[in-house]
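Some notes on the structure that comes next.
The figures that follow rest on heavy atoms only: side chains count, while hydrogens, waters and symmetry mates do not. Just follow the structure's listing: the first ligand is 1, and inside any ligand the first atom is 1.
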Amino acid sequence: MLILEVDRINTYYGKSHILQDVSLKVEQGQIVALLGRNGAGKTTTLRSIMGLTPPRSGAVRFKGQDIQRCKPFEVARKGLGFVPEDRGIFPDISVLDNLTVAAKQSADGQRRWSLEKIYHYFPVLQRLRDNKGQNLSGGEQQMLTIARTLMTNPDLLLLDEPCEGLAPQIVNQVLFGLIKSLKEQEGVTILLAEQNARFCLGLADWGYLLDKGAVQFDASSEEITSNEEIQRKYLSL
Ligand code: ATP
């Protein structure tokens, strides 16, 4: 089932025309990667979907409904969970409170994520549950941001640059396995914006290559992985 469809959106910051007819699709249960170098337009695409920087033209459909005119809180309520690049956890309250403050039922009234389940996938957060958010390392904060968003029981998770600022061994030994098991064991659907193409292509079913605010190429991860010319042109591999 198609869960998200972005249909030829054009997004501006003031007079700067950033996204040019960007289209993409996410099927339920998939991981879809938005790839591209710094400044390619990945964050702007996610912000456009969330209604944080609404597109001036084109459509965004989530579970078949037009959402391009919805406010960010309405978009979140419909079941889109956004994990921003700057993480934005609450620094002065405990890990446990960060998680429980976020908890809400899904758009269809279910609670798929409990604290118990979160601790199963994020054992580090159970260990640190009484620590304040500000005392966590970068990697631990990234885990908390993802976990907190899962506590809102989203139908689709938008992850913006989850590898940013993390040590390579955290990315490879913790984050990769975590995202893989969220998909394989929990069926979480993810749109993943990331400069780290190797990380993304190891996880995603399908990838979109963005450059200069436009989709230049899209294909299965296997096809992108085996296409050296495309990688040289659009990715920093
Ligand atoms: P990054 O990895 O740096 O986040 P990105 O692919 O996510 O890169 P965007 O952040 O979407 O790229 O930026 C796309 C373009 O929009 C860039 O040219 C950037 O300079 C410009 N841009 C981003 N934010 C703003 C803003 N608030 N005002 C004006 N221009 C902006």
TODO: Taking side-chain hydrogen bond (donor to acceptor under 3.5 Å, both in side chains) as the test, write out the residues that go with R61, two or more places apart.
DONE: E5, D7, D66

Task: Heavy-atom pair with the smallest gap, counting every atom of M143 and L125 - done: O-CD1, 4.0 Å

- [ ] Sort out for me which residue in I224, I230, N196 forms a side-chain contact (heavy atoms from CB on, under 4.5 Å) with L235.
- [x] I224

Open item on the list: Which heavy atom of L175 sits nearest to which heavy atom of P162, and what is that distance?
Closed with: CD2-O, 3.6 Å

- [ ] Sorted by first residue and then second, give each ring-ring contact (aromatic ring centres under 6.0 Å, His included) pair with at least one member in residues 164-202; sequence neighbours left out.
- [x] F176-F199

TODO: Scan residues 76-114 for pairs that pass ring-ring contact (aromatic ring centres under 6.0 Å, His included), counting only residues two or more places apart or in two chains.
DONE: W113-Y121

Open item on the list: I need the contact residues for ligand 1: any residue with a non-hydrogen atom closer than 4.0 Å to the ligand, ordered by chain then number.
Closed with: Y13, I18, R37, N38, G39, A40, G41, K42, T43, T44, E85, E161, Q195

